[in-house]
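Everything on this sheet refers to the single structure shown next.
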Amino acid sequence: KIVPDGHNGLLLSGTFTGTANLNPAGTTQLTAAAPSAPADGFLEKTDASFHTLWADDLGDVRAFSLNGLAADAAGNAVADGILQGSADVDPGPAVHTVTSSHGSAWLATYTAALGKLSWIKSMGQTTDPYGAAWFTSLSIDANGNYLLGGDFGGTVDIDPGPAVHTITESVSPDGYTGFFLKLDRNANFLFAGALRGDWWSDVTSVLANPDGTFYISGEVSDYANFNP
């Protein structure tokens with residue numbers, strides 16, 4: 001993915017194997033921290049001349065996968081995706097391990113200046129053997145609130161705080177259901193909705209408008225209720 005950072009630079013994400021030069025205007029090498037993995041994820045920031053300012057190795061994509069990418073008003077990188085198993089999500093020398101028993105959606109911010117992990121929130125924790133959640137996309141509105149889109153299975157808690165807000169998929173355990181979630185700028189739960197139908201639905205993209213409304217796109221099998 002490639003998105004503008006709002007300050008004449010770019011944020012980029014993707015995958016790599018072995019050792020890769022991620023600087024299109026010089027040399028910035030990353031070496032995969034998980035050499036046995038099919039690929040490692042990366043997050044990178046460049047200036048207006050495409051010189052790399054920083055680049056982070058996010059580790060094995062099987063454990064920690066980045067899907068959505070955006071920049072907040074300060075130019076910090078905001079990303080989301082899915083966590084499976086256990087992963088050190090801090091790209092620096094510090095260790096910040098998060099664990100998911102099934103599959104959890106995550107949202108994180110990385111500082112504009114150095115790409116350091118600011119915070120990470122995990123959602124979708126569950127005791128349901130069929131429960132899992134993952135984010136596919138994100139957008140940030142004019143007030144700095146986070147709009148997130150994704151899919152889930154089973155019954156999961158999508159409130160990143162101590163409170164519980166559970167959603168349940170349309171058909172379990174064979175289907176999955178698209179959902180959207182809005183958090184305030186401090187990652188506190190505001191509201192959520194699930195697009196339930198007779199089989200499965202999938203939210204692939206979200207876009208927040210300046211007036212607080214938003215767009216959702218995706219796909220459904222047969223039919224789904226778009227008024228959650």
Next item on the list: Please examine the side chains of Trp134 and Thr136, heavy atoms only from C-beta on, and report whether any two atoms are closer than 4.5 Å.
Entry: yes

Checklist line | Worked check of side chain to side chain contact (heavy atoms under 4.5 Å, CB included) between Leu66 and Trp106 | finding: CA-CA 9 Å; Leu66 186 156; Trp106 60 268; 4.1 Å; yes

Checklist line | Any donor-acceptor N/O pair, Lys45 side chain to Ala77 backbone, under 3.5 Å | finding: no

Margin query: Checking the side chain of Thr28 only, and the main-chain atoms of Leu22 only, is there a donor and an acceptor separated by less than 3.5 Å?
Written below: no

Note to self: Suppose clustering is done on Ile, Leu, Val, Met, Phe, Trp and Tyr with side-chain heavy atoms closer than 4.5 Å. Which residues sit in the same group as Ile167?
What the structure shows: Val78, Leu107, Trp119, Met123, Phe135, Leu138, Ile140, Tyr146, Leu148, Phe152, Val156, Ile158, Phe179, Leu181, Leu183, Phe189

Margin query: Count I, L, V, M, F, W, Y as connected when their side-chain heavy atoms are under 4.5 Å apart, and connections chain through other members. Are Val3 and Leu53 then in the same cluster?
Written below: yes

Margin query: Between Trp200 (side chain only) and Glu219 (backbone N and O only), is there a donor and an acceptor less than 3.5 Å apart?
Written below: no

Check: Nearest 0.5 Å, what's the OG-CD1 distance between Ser137 and Ile216?
Finding: 8.5 Å

Note to self: Keeping Asn209 on the side-chain end and Asp211 on the backbone end, is there a donor-acceptor pair under 3.5 Å?
What the structure shows: no

Next item on the list: Would you confirm whether Asp88, through its side chain, and Thr97, through its main-chain N or O, come within 3.5 Å as a donor-acceptor pair?
Entry: no

Checklist line | Backbone of Gly81 reached by a side-chain donor or acceptor of Ser65 within 3.5 Å | finding: no

Notebook entry, point to check: Could you state the interatomic distance from NZ (Lys1) to CG (Leu43), rounded to the nearest 0.5 Å?
Noted result: 12.5 Å

Note to self: As a quick check of understanding, evaluate side chain to side chain contact (heavy atoms under 4.5 Å, CB included) for Phe64 and Leu83, giving each step before the final call.
What the structure shows: CA-CA 5 Å; Phe64 189 66; Leu83 166 71; 4.2 Å; yes

Next item on the list: Show your working on side chain to side chain contact (heavy atoms under 4.5 Å, CB included) between Leu11 and Tyr110 and close with a plain yes or no.
Entry: CA-CA 11 Å; Leu11 294 169; Tyr110 301 83; over 6 Å; no

Checklist line | Reported CG-to-OG1 distance for the pair Asp5 and Thr46, which is rounded to 0.5 angstrom | finding: 7.5 Å

Notebook entry, point to check: If you count the non-hydrogen atoms of other residues, nucleotides and ligands that lie under 6.0 Å from CD1 in Ile2, is the total more than 12?
Noted result: no

Note to self: Hydrophobic clustering (ILVMFWY, side-chain heavy atoms < 4.5 Å, transitive) - are Ile120 and Val95 grouped together?
What the structure shows: no

Next item on the list: State the OG1-CG distance between Thr109 and Asp80, to the nearest 0.5 angstrom.
Entry: 12.5 Å

Check: Under 3.5 Å, side chain of Asn23 to main-chain N/O of Gln29, donor-acceptor pair present?
Finding: no

Item checked: Distance in Å, Asp159 CG paired with His165 NE2, rounded so as to fall on 0.5 Å steps -> 8.0 Å

Notebook entry, point to check: So, does His7 use its side chain to make a donor-acceptor pair with the main chain of Asp47 at under 3.5 Å?
Noted result: no

Next item on the list: Count the heavy atoms belonging to other residues, nucleotides or ligands that lie under 6.0 Å from CZ of Arg185, then report whether that count exceeds 12.
Entry: no

Note to self: When you measure from the side chain of Asn186 to the backbone of Asn188, do you find a donor-acceptor pair of N or O atoms at a distance under 3.5 Å?
What the structure shows: no

Note to self: Same cluster or not: Leu69 versus Leu117, using hydrophobic residues (I, L, V, M, F, W, Y) connected whenever any side-chain heavy atoms lie under 4.5 Å apart?
What the structure shows: yes

Margin query: Quick check: do Ser201 and Asp151 have side-chain heavy atoms less than 4.5 Å from each other?
Written below: no

Note to self: Hydrophobic clusters here meaning ILVMFWY residues chained together by side-chain heavy-atom distances under 4.5 Å, can you tell me if Ile82 and Val98 are in one?
What the structure shows: no

Note to self: Under the salt bridge (Lys or Arg N to Asp or Glu O under 4.0 Å) definition, can you give me all pairs with a residue in residues 140-150, not counting sequence neighbours?
What the structure shows: Asp141-Lys182

Notebook entry, point to check: Are Phe180 and Leu207 connected in a single hydrophobic cluster, I mean Ile/Leu/Val/Met/Phe/Trp/Tyr linked by side-chain heavy atoms less than 4.5 Å apart?
Noted result: no

Note to self: With heavy-atom distances below 4.5 Å as the criterion, would you say the side chains of Phe214 and Asn145 are in contact?
What the structure shows: no

Next item on the list: Ignoring hydrogens and angles, tell me if any N or O in the side chain of Ser104 forms a donor-acceptor pair with the backbone of Ser122 under 3.5 Å.
Entry: no

